[in-house]
**Student:** 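Structure provided below as structure tokens; questions to follow.
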Amino acid sequence: MNDPRIQQLNRKHCVEGQYVLYWMQQSQRAEDNPALEYAIRTANKLGLPVVVAFGLTPDYPDANLRHYTFMLQGLRDVSRKLARRRIRFVVQHGNPPEVALKLGHNAAEIICDRGYLRHQRRWRSDMAGEAKCLVEQVECDAIVPVEVASNKRESSARTFRPKVFRLQHLFLDRPPTAKPKVSASGLSLNCLNLKDEDSVLGVPILDVSVKPVSFFKGGTHAAKARLSRFIRSRLRGYSENRNQPGLDYLSHMSPYLHFGQISPAYIVRKIRDSGKGTQKDRDSYLDELIVRRELAINFVHYADNYDRFDGLPEWAQSTLQQHRRDKRKKIYTLKELEDARTHDPYWNAAMNEMKSAGYMHNYMRMYWGKQILAWSLTPEIAFKTVLELNNKYFIDGRDPSSYANVGWIFGLHDRPWPKREIFGSVRSMTIGGLKRKANPDAYVKKVERLLRSQ
DNA sequence: ATCGGCTCGCGCAA
DNA sequence: TGCGCGAAGCCGAT
């Protein structure tokens with residue numbers, strides 16, 4: 001049986017080479033990584049060593065020092081873990097597909113992992129087109145490979161849920177580990193010294209406008225520790241409390257998932273087998289991890305314009321257009337928003353949490369975005385503002401989930417609701433609703449504590 | 001505190 | 001063709 005997670009990206013063959021190359025880019029982890037284990041098995045079959053390579057580009061779209069610092073912490077974990085397994089790891093500065101091609105020049109075969117955003121797809125197809133040897137891609141990011149789950153853009157979680165739920169069981173097992181049979185120690189390959197932060201990140205064009213955060217430490221080790229803590233103390237009551245922004249019923253897995261530092265299948269197994277919380281708690285968490293996360297992947301995969309206003313559903317675009325001239329009570333500039341200087345203390349707290357933690361409580365993300373729609377001159381400007389702030393400050397920004405979450409503010413994967421000013425039939429959220437359903441004053445206190453501790 | 005109405009497109013049953 | 005239903009909506013009536 002062919003594994004649908006493995007795809008050939010070109011029609012070339014294995015060639016004479018010194019090693020099998022695993023070009024690691026999206027899934028930055030040395031365990032629970034199907035591409036890595038597949039590369040080792042392939043190398044063993046060919047009687048060759050395996051080399052793992054990572055291309056570090058200083059101008060990754062929308063990335064700044066906050067993201068790079070988190071990523072570097074994770075790469076150090078990868079480096080340690082691979083060294084313990086006696087697998088060669090090479091990190092080089094450069095455009096990732098070019099790094100892969102350069103190292104791939106001496107490879108018998110290239111294996112890569114999978115990413116869904118426009119540039120990630122282009123990187124892989126460019127590389128596969130130019131490589132002299134066979135290139136195979138292994139799904140390590142989605143649990144159910146995107147085209148196996150559905151062959152089209154899904155309109156909502158309701159239509160996607162049964163499809164992904166039916167198939168997930170086929171893809172949840174831990175990938176069998178393999179031991180490399182041939183050592184790569186004789187190969188002479190340049191590698192950045194990951195311990196030397198200045199030489200790795202001190203590249204002039206790297207955007208240093210946003211500071212690293214202390215709230216999150218990157219890497220597989222930190223991710224697993226955080227997950228255990230969540231399961232131990234916050235899974236029970238999750239379903240009831242997750243929309244209370246003053247509380248901390250969150251797993252905080254999304255930054256780690258964004259960089260591939262933890263495997264989604266690993267999280268599913270841990271939650272499922274934990275015996276903690278009620279069935280409802282576990283189901284509600286897994287619905288977010290599996291259905292919502294993979295619906296976002298479905299969206300960016302099938303909608304070429306996933307990062308634009310015209311990628312929204314027709315009904316949402318037209319209702320927002322019909323209300324584009326509605327009177328706004330307030331209109332804030334990007335600068336005023338970014339400085340958290342609005343009349344709304346709850347909104348300001350959310351903006352401050354975003355800036356200093358690199359994170360925002362899920363419920364507040366919705367409220368925060370809906371208010372930007374209400375306070376912008378046009379829905380298109382609001383869309384740009386929400387996306388820009390999202391990608392600049394969130395460690396988990398620039399992810400398929402970011403684009404789906406931003407879209408949701410403007411009606412994506414949602415249904416119409418009674419017409420209101422500005423929003424039309426897009427779902428609105430108000431300060432009254434926030435006070436009614438949540439305890440925003442507790443949230444403001446939480447953020448104040450966070451700011452003091454910085 | 002809880003309930004119904006608001007509104008559109010999808011997928012399924014008929 | 002009809003019908004039920006949907007990630008966290010709002011508001012006003014009871």
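Letters A, B, ... mirror the listed sequences (proteins, then strands); counts begin at 1.
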**Student:** Rounding to an integer number of Å, can you tell me how far A/N405 CG sits from C/dA8 P?
**Tutor:**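 Answer to the nearest Å: 14 Å.
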**Student:** Hey, is the side chain of A/R242 poking within less than 4.0 Å of OP1 or OP2 on C/dA8, counting only N and O atoms?
**Tutor:**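 Answer no for this pair, as no side-chain N or O of A/R242 is under 4.0 Å from OP1 or OP2.
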**Student:** List for me each residue that meets ring-ring contact (aromatic ring centres under 6.0 Å, His included) alongside A/Y403, sequence neighbours excluded, and say none if there are none.
**Tutor:**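 Listed in chain order: A/Y306.
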**Student:** Once you apply a heavy-atom cut-off of 4.0 Å, does A/R161 come out as touching a base, just sugar-phosphate, or nothing?
**Tutor:**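 Sugar-phosphate only.
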**Student:** My validator wants the stems of DNA chain C: runs of 3 or more consecutive Watson-Crick or G-U pairs, both distances under 3.5 Å, written as range with range.
**Tutor:**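 Ordered by first number, the stems with DNA chain C (at least 3 consecutive pairs each) read B:1-6 with C:9-14, B:8-13 with C:1-6.
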**Student:** A/R292 CZ to C/dG6 P: how many Å, rounded?
**Tutor:**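 Nearest whole value for this atom pair: 12 Å.
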**Student:** For atom C1', what is the distance between B/dA1 and C/dA7, given to the nearest Å?
**Tutor:**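 Between the two C1' atoms, the distance is 23 Å.
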**Student:** With the sugar-phosphate defined as primed atoms, P, OP1 and OP2, and the base as all remaining atoms, what B/S/- string results for nucleotides 8-14 of chain B, 5' to 3', for protein heavy atoms under 4.0 Å?
**Tutor:** BBBS---
**Student:** In whole angstroms, how far is the C1' atom of C/dA8 from the OH atom of A/Y367?
**Tutor:**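 Distance, rounded to whole Å: 15 Å.
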**Student:** Check each of A/W408, A/F160, A/F299 against A/H413 using the ring pair (Phe, Tyr, Trp, His ring centres under 6.0 Å) test, and report the only one that passes.
**Tutor:**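 Answer after filtering A/W408, A/F160, A/F299: A/F299.
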**Student:** So, the side chain of A/Q26 versus the backbone of A/H258: is there a donor-acceptor pair under 3.5 Å, distance only?
**Tutor:**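 Present.
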**Student:** Looking only at atom P, what distance separates C/dC5 and B/dA14, rounded to whole Å?
**Tutor:**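 Looking at atom P only, C/dC5 and B/dA14 are 15 Å apart.
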**Student:** Take a 6.0 Å sphere around NZ of A/K446 and say whether it holds more than 12 heavy atoms from other residues, nucleotides or ligands.
**Tutor:**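 Yes, the 6.0 Å shell around NZ holds more than 12 heavy atoms from other groups.
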**Student:** Determine the interplanar angle of the A/Y256 and A/F216 rings, folded into 0 to 90°, and report it as parallel if under 30°, tilted if 30 to 60°, perpendicular if over 60°.
**Tutor:**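 Taking A/F216 first and then A/Y256, their aromatic rings stand perpendicular (interplane angle over 60°).
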**Student:** What's the CG-C1' distance between A/D414 and C/dC5, to the nearest Å?
**Tutor:**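 For the pair A/D414 CG and C/dC5 C1', the rounded distance is 13 Å.
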**Student:** Above 12 or not: heavy atoms from other molecules or residues under 6.0 Å from CD of A/Q321?
**Tutor:**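 Atom CD in A/Q321 is packed in, count exceeds 12.
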**Student:** Using whole Å, report how far CZ of A/F299 lies from P of C/dA7.
**Tutor:**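 Result: 16 Å.
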**Student:** What is the distance, to the nearest angstrom, from the NZ atom on A/K435 to the P atom on C/dC10?
**Tutor:**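 Nearest whole value for this atom pair: 13 Å.
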**Student:** Got a second to check how far A/R341's CZ is from A/K335's NZ, nearest 0.5 Å?
**Tutor:**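 Reported value, rounded in 0.5 Å steps: 6.0 Å.
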**Student:** Could you tell me how far apart A/M366 (CE) and C/dC10 (P) are, to the nearest whole angstrom?
**Tutor:**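 It is 11 Å, rounded to the nearest whole Å.
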**Student:** Could you check how far CZ of A/R420 sits from C1' of C/dC11, rounded to whole Å?
**Tutor:**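 Atom-to-atom, A/R420 to C/dC11, this comes out as 8 Å.
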**Student:** Atom NZ of residue position A/K384 - does it have more than 12 heavy atoms of other residues, nucleotides or ligands inside 6.0 Å?
**Tutor:**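 No, because the 6.0 Å sphere around NZ of A/K384 holds 12 heavy atoms or fewer from other groups.
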**Student:** Within a 6.0 Å radius of atom NE2 on A/H323, are there more than 12 heavy atoms belonging to other residues, nucleotides or ligands?
**Tutor:**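 Counting other residues, nucleotides and ligands, NE2 of A/H323 exceeds 12 neighbours.
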